[in-house]
Amino acid sequence: MSHLEPDRLVLLALGEEPLNDAETGHLDGCEACRADIADLRTVAGIGRETQDVSDLPTPPEHVWHMVNADVGTAETAPRPGQRRRGPTWRTTAVITAVTAVFAVVLAFFLVRREPPAQAACTGGTVRLTALAGAPSSAKATACLVDEEGEHKLRVTATGLPPTTDGFYEVWLIDPSSLPTPQSVRMAAVGALGTRSSDDFTLPPNVDVHRYSLVDISSEPSDGNAAHSGNSLLRGEL
Amino acid sequence: MGGHPLQHSRRSRGRPIGALHGIVHEVHPDVEPREDGADGLLKLFRAGDERALRLIFDRYGPAVFHLATHGLTSVADAEDVTQSTFVMAWTDRARFDPARGSLLAWLLGIARRQIADRVRTIGPIRRLAGEPSIERVVDQLVLADEMAGLPGEQRRVLELAFYDELTHQQIAAVTGVPPDTVRSHLQRTMTRLRRRWEVDGVASGARSAGAPGPR
């Protein structure tokens, strides 16, 4: 028989009617019709699943606001001919009152969280240099501290964006080993916490005169203890 | 898709079918003109009309958000990906070529790349048995979009075949549409869906008629 009629193909693909003997015989020898039925069956399979994607929820409105802000469309700019209206005195009063309350609450928490007096740096404080690829707001300093007889490395870091996945890690690198990237000598010192300043106990047998390059890197939470290669800031003690 | 509310500009609602002929050439030659105003939206988008961005977000935002939610576990990540997808789409709109596929497929392609980037950072998502792959979800969204563009009676007939698995005789009995018309509707709509899938489909096994899938 000649090729199967298109509407017959569709009904077969929808699983509606079984093939009769003549059709089965034709399909055995006709790759085009077999391919057609296979494709139509695939389409029917996906078609049945479209019920799972009907009535989808809209994304929250704040997503739209951020898109709009990033794109800077005319919706955000004042239209020509429209006078820009400044805040009324009532709005200003409300803003002032809210700010005042907020400032009091903030001060309360700052006072309560003030840490005990810290030991001073022994020797100078080095300002770490932001490397290419570091966030523009990132700043860090490092110095050595002698606390209760223990040598520690104090690292202060600000402007690093909070991470949801991963963390920032401090390393001490032997700068003389940097020219041979495959055998850089380094020691992991510790992960930056949420405070702006951390005092890290130095790893044993790490001579800071040799491992004098402080490095802050961005690390993924992948259980791999090796340096990610993604250094953000560096400075030499 | 389904019952999703569509935001038409006042201009596109009620536009006579004849007026669509002028812009039919802008869509893929295998894809038929739609009933729901999406072709007009495409024209606004390519012209850089800023109203188009809101309209596109309203129309395709749910699909992009659904894909992002499916591909990532955190709602915050899904919202981020949705946001960056539309921002990227707008800034890159000159690179969208309607001859190679639909706007929805193009947006979902952008979203998939955003999702893949994020998965590289946070690690692979564990998929439960029986859950469709991302590629399958793209295909579902694309075909759902094609179904939304069908004339009402044809769409209803197809939905009865797909979702309720009625035979064409049963569909005729339920709807009052003559059986031969039902067969004809099923044939035309399945052919139309197949052509859309050939252009925009991404799951393995998709046979492209010509141009490759969305980029």
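Here is how names work: the chains are called A, B, and so on, in the same order as the sequence lines, proteins then strands, and each is numbered from 1.
Between B:Trp106 and B:Phe96, the angle of the ring planes lies from 30° to 60°, which puts this pair in the tilted group.
Using a 4.5 Å cut-off between heavy atoms, B:Phe162 contacts chain A through both its backbone and its side chain. Contact annotation for A:Leu14: only side-chain heavy atoms (C-beta onward) come within less than 4.5 Å of a heavy atom of chain B. Proximity to chain B (any heavy atom under 4.5 Å) is shown, for A:Glu5, by neither the backbone nor the side chain. Residue B:Thr91 does not touch chain A at all, counting heavy-atom pairs closer than 4.5 Å. At a 4.5 Å heavy-atom cutoff, B:Leu158 makes no contact with chain A through either its backbone or its side chain. Interface residue A:Leu11: only side-chain heavy atoms are found under 4.5 Å from chain B. For a residue to count as touching a neighbouring chain, one of its non-hydrogen atoms must lie under 4.5 Å from one of that chain's; by this rule B:His66 touches chain A with the side chain only. Using a 4.5 Å cut-off between heavy atoms, A:Val10 touches chain B through its side chain atoms alone.
Here the shortest heavy-atom pairing between A:Ser218 and A:Ser228 reads O-OG, 2.7 Å.
By the ring pair (Phe, Tyr, Trp, His ring centres under 6.0 Å) test, B:Phe86 pairs with B:Phe57, sequence neighbours left out. Here A:His65 pairs with nothing under the ring pair (Phe, Tyr, Trp, His ring centres under 6.0 Å) rule; sequence neighbours left out.
Taking chain B as the reference chain and counting heavy-atom pairs below 4.5 Å, the highest number among A:Asp165, A:Asp70, A:Asp7 is found for A:Asp7.
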Practice item. Any chance you could lay out the salt bridge (Lys or Arg N to Asp or Glu O under 4.0 Å) test for A:Arg8 and A:Glu23, step after step, and finish with the verdict? Key: CA-CA 10 Å; A:Arg8 184 90 183 117; A:Glu23 288 167 336; 2.4 Å; yes
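Without hydrogens or angle criteria, B:Thr82 side chain to B:Ala78 main chain gives a donor-acceptor distance under 3.5 Å.
A cation-pi arrangement is found for B:Arg93 relative to B:Trp90, the charged atom lying closer than 6.0 Å to the ring centre and inside a 45° cone about the ring normal.
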